[in-house]
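For reference, the structure is listed below as structure tokens.
Nothing here was measured: the structure is a model prediction, and the numbers come from that model. Counting starts at 1 for both ligands and their atoms, following the listed order. Quick note: numbers below take in every heavy atom, side chains included, and nothing from hydrogens, waters or symmetry partners.
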Amino acid sequence: MKRNEFIKISALSGISLAIFPQFSFKYFSNEFTRNQLIGKGNPDIVGDSYTSRMHKATKKAFNKMKAAAAEENIKIEVVSAYRSFQRQKEIFERKYRQFTSQGLSSGKAIEKIIEYSTIPGTSRHHWGTDIDIIDANAPRPSHVLMPEHFHGTGPFCKLKMWLDEHATTFGFFEVYTDNGNRKGFKYEPWHFSFAPISIPMLKSFQETIDVKNMLSEEKILGNAYFSDAFIQKYTSENILDINPKLLSKFHITLRIFAI
Ligand SMILES: [Zn+2]
């Protein structure tokens with residue numbers, strides 16, 4: 001007797017495995033701890049410096065992408081990779097102190113900070129999946145992470161064109177795209193995310209982290225400004241208004257028929 005058994009695999013694991021069959025199911029089980037999601041420790045992070053620390057699966061894929069780019073005379077250099085909660089807190093609070101001492105209100109200071117920097121606990125760099133990259137074979141401008149360096153006659157144009165064509169083959173997607181309708185963080189042509197891990201991490205983050213509670217527990221400077229309305233806007237614009245390919249809702253359900 002023939003029996004069709006319909007098994008629903010989570011939308012996420014289905015498509016991720018279809019695109020990246022080399023990754024095992026364990027990365028798609030959504031078993032991420034609070035600490036892993038907010039940058040307070042992750043046993044899968046390897047590396048010994050802020051430019052080399054990444055999730056081990058990210059690093060493996062990155063090394064392959066780097067080797068492929070090297071064949072085109074592009075030397076991919078990581079400017080920033082995994083960043084801990086503590087590091088992000090230092091960055092955020094340094095800017096907060098600087099802006100408020102210049103006379104900005106708490107709210108204005110925070111709005112200015114979040115044009116480019118995240119609130120601690122909410123950075124994709126906490127996951128070890130996201131990297132900021134440039135081309136070390138190109139002339140190095142004084143401030144490397146500027147969009148204009150990646151366009152026109154900018155030094156990182158060659159890298160940008162190569163990434164546009166090849167990065168997704170290795171699982172890396174641009175996060176903060178150049179889409180005029182996108183809100184949240186500004187365009188970052190240097191910031192790429194390793195989708196097979198970052199998609200389930202974002203999903204898990206959405207399901208398990210109460211951002212407002214987390215920020216008040218962590219006693220972040222400027223905490224009084226983090227109202228429900230602010231957190232709601234920050235979540236929908238800064239955390240979720242990204243390249244739609246990095247959102248799990250765009251993933252499909254796989255059907256497996258067993259006989
Ligand atoms: Zn970045």
Point to revise | side-chain hydrogen bond (donor to acceptor under 3.5 Å, both in side chains) partners of Ser123, counting only residues at least two apart | key: none
Practice item. Please report the C-alpha distance between Arg83 and Glu90 in whole Å, then the side-chain angles of each, then the deciding distance to 0.1 Å, and finally whether the salt bridge (Lys or Arg N to Asp or Glu O under 4.0 Å) criterion is met. Key: CA-CA 11 Å; Arg83 206 178 295 146; Glu90 284 161 15; over 6 Å; no
Check your understanding: Is the distance between the ring centroids of Tyr176 and Tyr187 less than 6.0 Å?
Key -> no
Check your understanding: What residue pairs, at least two apart or across chains, pass ring pair (Phe, Tyr, Trp, His ring centres under 6.0 Å) with a residue in residues 99-149?
Key -> His125-His191
**Study point:** Atom NZ of Lys60 with >12 non-hydrogen neighbours under 6.0 angstrom
**Key:** no
Study note, to complete from the structure: Arg53 meets the salt bridge (Lys or Arg N to Asp or Glu O under 4.0 Å) criterion, sequence neighbours left out, with none
Practice item. Give the total of protein N/O/S atoms at a distance below 2.8 Å from the Zn ion (ligand 1). Key: 4
